[in-house]
Number of protein chains: 2
Amino acid sequence: MTANPALADVARRAGVSTATASRVLSGRGPSSATSRDAVRQAAIDLGYVPHPVARRLARQSGTRIVFAVRDERADILRDPFVTRAASAMAAATEPEGLGTALLRLPLHATAELERLAADRSVAALVLAGHDRDLVRGLPAGLRGRTGMIGAGGSDVDSAAGVGALIRQLHRTGRRRIALVAGPRWLAASRAPLAAYARLMREAGLPVRVVHGDFTTARGRAAAREIRRRWPGTDAIATVSDAMALGVLQALAADGVRVPDDVAVTGFDDSPIADVVHPGLTSATHPVELIAISAVQAALGVPAAGRLFPSRPVLRRSCGSSP
Amino acid sequence: MTANPALADVARRAGVSTATASRVLSGRGPSSATSRDAVRQAAIDLGYVPHPVARRLARQSGTRIVFAVRDERADILRDPFVTRAASAMAAATEPEGLGTALLRLPLHATAELERLAADRSVAALVLAGHDRDLVRGLPAGLRGRTGMIGAGGSDVDSAAGVGALIRQLHRTGRRRIALVAGPRWLAASRAPLAAYARLMREAGLPVRVVHGDFTTARGRAAAREIRRRWPGTDAIATVSDAMALGVLQALAADGVRVPDDVAVTGFDDSPIADVVHPGLTSATHPVELIAISAVQAALGVPAAGRLFPSRPVLRRSCGSSP
DNA sequence: CTGTTAGCGCCTTCAG
DNA sequence: CTGAAGGCGCTAACAG
């Protein structure tokens, strides 16, 4: 066979104009049943495949979605959450003829966002790690084609997930429960923190919070800070397995027994939770589904719902009370 | 300011034709110093940014690189190796105005490769998990724009990495060393296997190999198979931390002490190696560098070298001999 | 070295 | 509902 047939070839064979062929094959604009059939048949006969780049140029639409992750850590693009989400997007964009690009944004990223808004290769933007200011300052050109992961966008129901773990701790006799929350600059930190605080207050228990940054190192420091400030602590809940791992490490190093002296819970149900000693109680985090949902939102696909359930997974780190 | 200036605007302001402006700004073709300066200055004045999609249409070049991973496992796209590599590619393609798409290929993937070859949105292909047949059967249209991860392409020096671990085992008194190798269908399985076999033979020791698939489940089964077939085994080396983890699990379940009775080594130096009990001796695997190198190869960037060093990381799982 | 002239392949007003 | 015609923005062959 010859080279790739173009729309003009299909039109000629179907005996119609390229305009009509375009309308039929792109599904945009009116067309009679007659011409519709003729064009479709001709396309099949010729093995016609539209040229994605030409199509996007004509439509002014862009050829890639950009996943921009706002974070203070320079190595955030190697974080498992990010790599999982980015890969899910790369897989989801494949059948669309699109691609995915990945980018770190510093906490103040006005200039980068302006650049992305001006870049005509960008079909849509997916934002993670945002706060209110970032969303408010979004360039006008990006509104309507931006999806978000986290607060206000596609997210795990971390309030419910963390809440379930807190309740589990309470049910098994823990009363001095501290929380290692997410960073202050992150909008998504708010929901699980609020859920924790509400439950503790309802139970008449003290609210004890330390802020972390999702790293194991910070988890270690947080555990020590908690034990120093609130010596009676009998449980430490966290909002990520990485931080929970740090907590476990610090407690082990300091001779504190888990779960006998202190119970620990994580979040994400990562492979590490299953492998660490003792096994880490955690809650599931469907990162891939969330990422795909955010891509769809960015591309304007109407949402079925963007809050994804989290299921607790009990392991030894939160056994019964002392 | 007005909308995005086009090349024609730059040319007009510089007092030259669009052809000259194009030559200057794309760096293709000759240009005089005079017109060069004029065009560059005009571009700056106007804040000109070339339209990537238009450029790629005119050049017939494609807008995304496709990372195709050949594997029998349906969930391979969630494998940490794949997610890390895909994310590194997505980050590397961002500044180029390109995107990355991710795709699984079944073991026999002729049809899919034909489709990719015909897809004019594909700028280049990166292949992982290939064997000789797949490379041989690559559509002509993809030759010259395909990069590979693994044998024959960009890869970790797994022969050296695994070799170093085998030597370490030997140095610490192990003599009945079995290997859990990669799958048979994978070309990249060959090098580390050969390195192991050569070292064993040189030391006058028996060569004992079981093939795995990089999963923890298969690691468990492999450990049992090894102990059944070769009861005196005092060390099990593997080519991935995931499989080594399975080995550790099976040995623990069967009451075999590590490292006292059997030493274990992994490969990848993944976070799990540091967290599992006992700590897993492993070797580093610079996945991100390898992925970027493969992208560059696919895009035709001349290579500095595509075999990346692996460094052993000693942990408790391969302590001294009994 | 430079400008003219066609494309690249599809979409989209605008008459009819 | 349909066709003609003019973009979308840039590149490349070809005279000059």
Side-chain angles (χ1 to χ4, degrees), chain A residues 2-40 42-43 46-64 96-98 118-123 141, chain B residues 2-40 42-43 46-64 96-98 118-123 141:
Chain A
T2 73
N4 277 308
L7 186 61
D9 301 317
V10 176
R12 194 173 311 121
R13 183 175 234 267
V16 301
S17 70
T18 60
T20 299
S22 172
R23 282 183 213 114
V24 170
L25 293 174
S26 66
R28 310 181 155 202
S31 56
S32 68
T34 320
S35 54
R36 202 155 39 221
D37 293 345
V39 168
R40 290 212 176 113
L46 265 44
Y48 170 74
V49 180
H51 189 140
V53 183
R55 180 172 268 187
R56 292 223 154 71
L57 174 62
R59 284 187 194 160
Q60 300 281 69
S61 36
T63 59
R64 55 184 190 157
E96 314 284 311
L98 292 169
D119 183 337
R120 285 107 109 205
S121 75
V122 175
Chain B
T2 72
N4 276 310
L7 186 63
D9 301 317
V10 176
R12 193 173 313 121
R13 181 176 237 265
V16 300
S17 70
T18 61
T20 299
S22 173
R23 282 182 213 116
V24 170
L25 294 173
S26 67
R28 311 182 153 202
S31 57
S32 68
T34 319
S35 56
R36 202 155 39 223
D37 292 345
V39 169
R40 291 213 177 113
L46 264 44
Y48 170 75
V49 180
H51 189 141
V53 183
R55 179 172 269 185
R56 292 223 153 71
L57 174 62
R59 283 186 193 163
Q60 300 281 69
S61 35
T63 60
R64 56 184 190 157
E96 314 284 309
L98 292 170
D119 184 338
R120 285 108 108 206
S121 75
V122 175

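With rounding to whole Å, His51(A) atom NE2 is found 14 Å from dC11(C) atom C1'. Per the geometry, CG belonging to Leu7(B) stands 13 Å off C1' belonging to dA12(D), to the nearest Å. In this structure, Arg120(A) atom CZ and dC10(D) atom C1' are separated by 10 Å, rounded to whole Å. For the pair Asp9(A) CG and dG9(C) C1', the interatomic distance rounds to 11 Å; values are reported in whole Å. Rounded to an integer number of Å, the gap from Arg56(A) CZ to dC11(C) P is 11 Å.
Using a 4.0 Å heavy-atom criterion, one finds that Ala19(A) contacts the bases of the nucleic acid, with or without backbone contacts as well. In this structure, Leu57(A) reaches the bases: a heavy-atom distance under 4.0 Å links it to at least one base atom across the strands shown.
Looking at heavy atoms from C-beta onward, Arg56(A) lies in side-chain contact with Leu98(A) at the 4.5 angstrom threshold. Side-chain atoms of Asp119(B) and Val49(A), non-hydrogen and from C-beta on, never get closer than 4.5 Å to each other. Side-chain contact between Arg64(B) and Val122(B) is present, with at least one heavy-atom pair separated by less than 4.5 Å.
In this structure a side-chain-to-backbone donor-acceptor pair under 3.5 Å is present from Asp9(A) to Ala6(A). Of the possible polar contacts, none joining the Thr20(B) side chain to the Val16(B) backbone as a donor-acceptor pair under 3.5 Å is found.
Sorted by residue number, the members of residues 21-39 of chain B with any non-hydrogen atom under 4.0 Å from DNA chain C read Arg23(B), Pro30(B), Ser31(B), Ser32(B), Ser35(B).
Between Thr63(B) atom OG1 and Leu57(B) atom CG the span is 10.5 Å, to the nearest 0.5 Å.
If you run side-chain contact (heavy atoms from CB on, under 4.5 Å) between Val24(B) and each of Ser31(B), Ser32(B), Pro30(B), only Ser31(B) comes through.
Side-chain N/O atoms of Thr20(B) include one lying less than 4.0 angstrom from OP1 or OP2 on dG3(C). For Gln60(A), a side-chain nitrogen or oxygen approaches OP1 or OP2 of dG9(D) to under 4.0 Å. For the OP1/OP2 pair of dC10(C) and a distance below 4.0 Å, the side-chain nitrogens and oxygens of Arg59(A) include no atom meeting the criterion.
The nearest heavy atom of DNA chain C to Pro50(A) and to Val16(B) marks one nucleotide each, and the one closer to the 5' end goes with Val16(B).
The side chain of Thr18(B) lies closest to dT11(D), out of dT11(D), dC10(C), dC10(D).
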